[in-house]
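The structure under discussion appears below in the form of structure tokens.
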2 protein chains.
Amino acid sequence: MSGKLSNGKFQKLARAPAYQVVSQQIRDAIVSGELKTGELLPTEMDLAQQFGVTRTTVREAIRLLEYGGLIGRADRKRLVVCLPTKESASKSLSTAMLMHDVTFRELWEIAMGLEPLAAGLACKALSTDLKARMADNLHRTLEAKSDTRELLEVEIEFHNLIAEAANNSALLMAREPLNQLFYPAFKAVIDRLHPGGRIIDCHTRLFDAICTGDKEIAEEWMRKHMVDFERGIKMAGLDFNGPINHNDLH
Amino acid sequence: MSGKLSNGKFQKLARAPAYQVVSQQIRDAIVSGELKTGELLPTEMDLAQQFGVTRTTVREAIRLLEYGGLIGRADRKRLVVCLPTKESASKSLSTAMLMHDVTFRELWEIAMGLEPLAAGLACKALSTDLKARMADNLHRTLEAKSDTRELLEVEIEFHNLIAEAANNSALLMAREPLNQLFYPAFKAVIDRLHPGGRIIDCHTRLFDAICTGDKEIAEEWMRKHMVDFERGIKMAGLDFNGPINHNDLH
DNA sequence: ATTGGCATATTGTCCGACAATATGTCAATC
DNA sequence: GATTGACATATTGTCGGACAATATGCCAAT
């Protein structure tokens, strides 16, 4: 506050450790496409020589990228450049939400924005492939009526199929944190309330609306579906306004 | 395919390297709250002794966490446990979207889902603090009419303020990838079209609607604002259906 | 109160070494 | 001819020790 150079004449110089610089450069090479996905990363020795540092430093740099899913391993040995999956890409966002004590209500509000959006977009052009997969999903939902484990499975899958039908890969990725965080809640609701019939009804009407391309109705039924879910959470004894991680998840 | 043990009697055993195990354990300790945010992480030597591995291994484990923002540094020396910021948490999602060649249209559709949602939620209870900050933002927007650099700044800030007013930290985080990816596009649009007046009009009406708590109108004006943006992108010569990273961003 | 010197603790980087594992080659065997 | 076994090779995972650079705290000098 009161030093000689208190006025901002000089900006603090940011000298990053070598492993961060190396990491950033490899990262840039990957994102820019210079290193194409699927390609084998040069060996650690190679990289060490190219950058003029030790293998230790290179390894730390690689670890920095490994978490982000930009680098995976071909066979538990050599490393390959990867296209991050939606799961790995949204993992840090999910854990951040967890640690920020995000509530069911907050997540639900987001879902209330994205899920009807997906349903609406899915009405534009439903591919025959996806139509078949959704039909199959509906079929399995009917059969799973009492098997809560299977019901949970198909319920999640149904929403993913709709998102896929929306033909928007960004939406698919943006939705993923909801998947990861809502999963335990879905499970709790299904385990305790066995809302099989209700779910089947909703899914069927949604499927019909999407097949006929009726955007308004699809969005409307998805909203109803989400409202059902909200009610389910409350009836299952979970705290809708409480943080999702404080509720039980065993 | 045709080996002796081709039938799935045995599942492939997953032996993770030590640095991954160590990383996961530290990670669990942080997420579970065992290691509280702000707390200093034990020294590398300490951790090495506790886990019974070398400092090298511990360092690699730490690098794995460092990228996710769970660990930062207090003073460029000691490491501290951090609550991930929304920026760091959504970074991997942003780069994943970039690498998947996400288009303007896809991002815009998501924004069309989230931004009106934020505007609507903001109508519930606008704190006096936020109201003041939004008013200040509007004021600066008026003054910045010709200064494109400043205009970009306040435009982004305005949307962030609305999201903040929505009182939903999850939404704040989910929105962040849009911020990071749209930024260059906003810049391009503003640079080439100088849509100052148009922006001020929209912002003013949005602000009024939020102040009076009129949810429908707030959502409606946000949608109009987004449609304006869509038109802006096209008029600026950017390819609305093309990947965002192929368009220029210098 | 500020400055300078000094010991200490901690991280960043280097070096060299070895173990474990995947790959490829070649001969031996049925 | 296909499988098996033995062997050399390449690459990653882990170890141990070393030193440099830097932040921290204490103490004396001014």
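Proteins get letters first, then strands, A, B, ... in listed order; numbering begins at 1 in each.
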* Take the angle between the ring planes of A:F182 and A:F229 and call it parallel below 30°, perpendicular above 60°, tilted in between. => perpendicular
* Structure fact -> Residue pairs meeting side chain to side chain donor-acceptor pair (under 3.5 Å), one or both in residues 30-39 of chain B, sequence neighbours left out, come to none
* Would you tell me if any nitrogen or oxygen in the side chain of B:R73 comes within less than 4.0 Å of OP1 or OP2 on D:dT22? => no
* To do: Provide, to the nearest angstrom, the distance between the CD atom belonging to B:E66 and the P atom belonging to C:dT11.
  => 12 Å
* Asked: Expressed in angstrom and rounded to an integer, what is the separation of A:Q20 atom CD from C:dT13 atom C1'?
  -> 14 Å
* Asked: How would you list, by chain and number, every residue that makes a side chain to side chain donor-acceptor pair (under 3.5 Å) with B:D46, sequence neighbours excluded?
  -> none
* Asked: Is any side-chain nitrogen or oxygen of B:Y19 closer than 4.0 Å to OP1 or OP2 of D:dG13?
  -> yes
* Expressed in angstrom and rounded to an integer, what is the separation of B:R78 atom CZ from D:dA23 atom C1'? -> 11 Å
* Which residues satisfy the side chain to side chain donor-acceptor pair (under 3.5 Å) test with B:Q49, sequence neighbours excluded? -> none
* Please name all residues satisfying side chain to side chain contact (heavy atoms under 4.5 Å, CB included) with A:A122, sequence neighbours left out, ordered by chain then number. => A:I162, A:A165, A:I210
* For DNA chain D, find the residues of residues 38-60 of chain A with a heavy-atom distance under 4.0 Å and give them by number; none if there aren't any. => A:T43, A:E44, A:R55, A:R59
* Tell me, please, which residues at least two apart from B:R27 pass salt bridge (Lys or Arg N to Asp or Glu O under 4.0 Å). => none
